[in-house]
Amino acid sequence: MKMTFRWYGENDCISLEQIRQIPGMTGVVTAAYDVPVGGVWKEETVARLKALANAEGLEMEVIESIPVHEDIKMGCGKRDEYIANYCQNIRIVAKHGVKCICYNFMPVFDWLRTEMYHKNADGSTSLAYSWEDFQRIDPNNLHLPGWDESYSPEELQNLLKAYRNISHEQLFENLVYFLKKVIPVCDECGVSMAIHPDDPPWDIFGIPRIVSCEEDLDRMFAAVPSTNNGLTLCTGSFGAGRSNDLVHMAAKYAAQGRVHFAHLRNVKWTDDKDSFCEVGHLSAAGSLDMAAIANALVANGFNGYVRPDHGRNIWGEDAKPGYGLYDRALGAAYLNGLFEAAEKYNNK
Ligand code: DNO
């Protein structure tokens, strides 16, 4: 595996110099943030990001994300134009050495939490999702943290309304339509698409989500069989869904050669409904068996990119929630240990 770290480009308060000092770090996971969703990326931006990373001895082989325009997800408007732009972006990043693109197909919202600074017993804070708090949210008056603030309240309402008429089946067809156009470009350029699962892995506000469980993945891979149609195994996202067996999923999709990227973090289920809290990466801190997941990946030939996902805010750090330096660096060190042991004992 190759250990990587998410870096939000030159505006990130965490520097490449700090990232390179984390043991075992081989590269950054980043994106161009200067073109609106759906547009064609500027090649000079991609080249600059790569040059900056390389100057610190870090690779830039993973992009997270090239976002998918809502017209593509809804199958309307200018979807063909946006897909053509997407293909163009694949070619541009491939030209600069990128091997893997992480993206998602979640309507309107990316990850969703009800609390950004949940206070833990040890004084650290982390992201959390409370089933009870979620019930109190009025979808017509949304002020939830963590969302793309680029929509006006009116645009958001219109989008939500439009999605209420889209079924799971239609959304799935729109995903397949997209993949049938982009995967051949990936095959040609030697790039993998790694879809990020729904976070949390269930429908919200009555709008469909279709990348939440094994069954969803199986039909997506069956529809477009190239192994460049692959997965970001995000343990925290899938792991919030209690019926997802992460060890089994890691083994199964690694054996199929579809796990190109792994976001590794732990979550703790905090009630008997859907509530969960993000915790430190260690297995003992939460509900997932991180050692068994790392072992399942390695034992099944996983050879992709890993990054420590969301950390807590610790040691007084006040970083972008989930994306501070300290706890993610601790997470990387811990994950390096798990992989070292798994690789050593599986290759005996
Ligand atoms: C959250 C991230 C996601 C991810 C996108 C991929 O912390 O893992 O926002 O980047 O879903 O498109």
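A quick note: this is a predicted structure, and the numbers were derived from the prediction, not measured. Whatever order the structure lists ligands and atoms in, that order sets their numbers, starting from 1.
- Residue contact annotation: C102 has a non-hydrogen atom under 4.0 Å from ligand 1.
- Using modelled atom types, one side-chain atom of N244 and one backbone atom of S212 make a donor-acceptor pair closer than 3.5 Å.
- Judged purely by atom type and a 3.5 angstrom limit, H96 has no side-chain atom pairing as donor or acceptor with the backbone of E44.
- Checked for salt-bridge contact, K252 and D245 miss the test: no charged N lies under 4.0 Å from a carboxylate O.
- In terms of polar-atom proximity, defined here as any N/O pair under 3.5 Å, H196 does make such a contact with ligand 1.
- When each atom of ligand 1 is checked for a heavy atom of N104 under 4.0 Å away, the hits are 5 (C), 6 (C), 11 (O), 12 (O).
- In this structure, N54 contributes its side chain and L58 its backbone to a donor-acceptor pair below 3.5 Å.
- Aromatic ring centres of F105 and F172: separated by at least 6.0 Å.
- For ligand 1, the atoms closer than 4.0 angstrom to any heavy atom of H310 are 1 (C), 7 (O).
- Nearest non-hydrogen protein atom to atom 9 (O) of ligand 1 is D110 OD2, 2.8 Å.
- Remark: minimum distance from atom 4 (C) of ligand 1 to any protein heavy atom is reached at E64 OE2, 3.3 Å.
- Residue-ligand proximity, H263 to ligand 1, at heavy-atom distances under 4.0 Å covers atoms 8 (O).
- Remark: side-chain polar atoms of N336 are paired, donor with acceptor, to backbone N or O of A332 under 3.5 angstrom.
- Using a 4.0 Å cut-off between heavy atoms, R6 contacts ligand 1 through its side chain alone, with no backbone atom that close.
- Not one N or O on the side chain of N104 forms a donor-acceptor pair closer than 3.5 Å with the backbone of D110.
- Here the heavy atom of the protein found nearest to atom 12 (O) of ligand 1 is S65 OG, 2.7 Å.
- The shortest separation from a heavy atom of R307 to ligand 1 is under 4.0 Å, placing the residue in contact.
- Shown in contact with Y323 at under 4.0 Å from a heavy atom are these atoms of ligand 1, numbered in order with element: 1 (C), 2 (C), 7 (O), 8 (O).
- Side-chain atoms of R209 come within 3.5 Å of backbone atoms of P200 as a donor-acceptor pair (strictly under, hydrogens ignored).
- Under 4.0 Å from ligand 1, the heavy atoms of Y103 that appear belong solely to its backbone.
- Note: Y323 and H310 meet the aromatic proximity criterion, with ring centroids under 6.0 Å apart.
- Residue M106 has at least one heavy-atom neighbour below 4.0 Å for each of these atoms of ligand 1: 11 (O).
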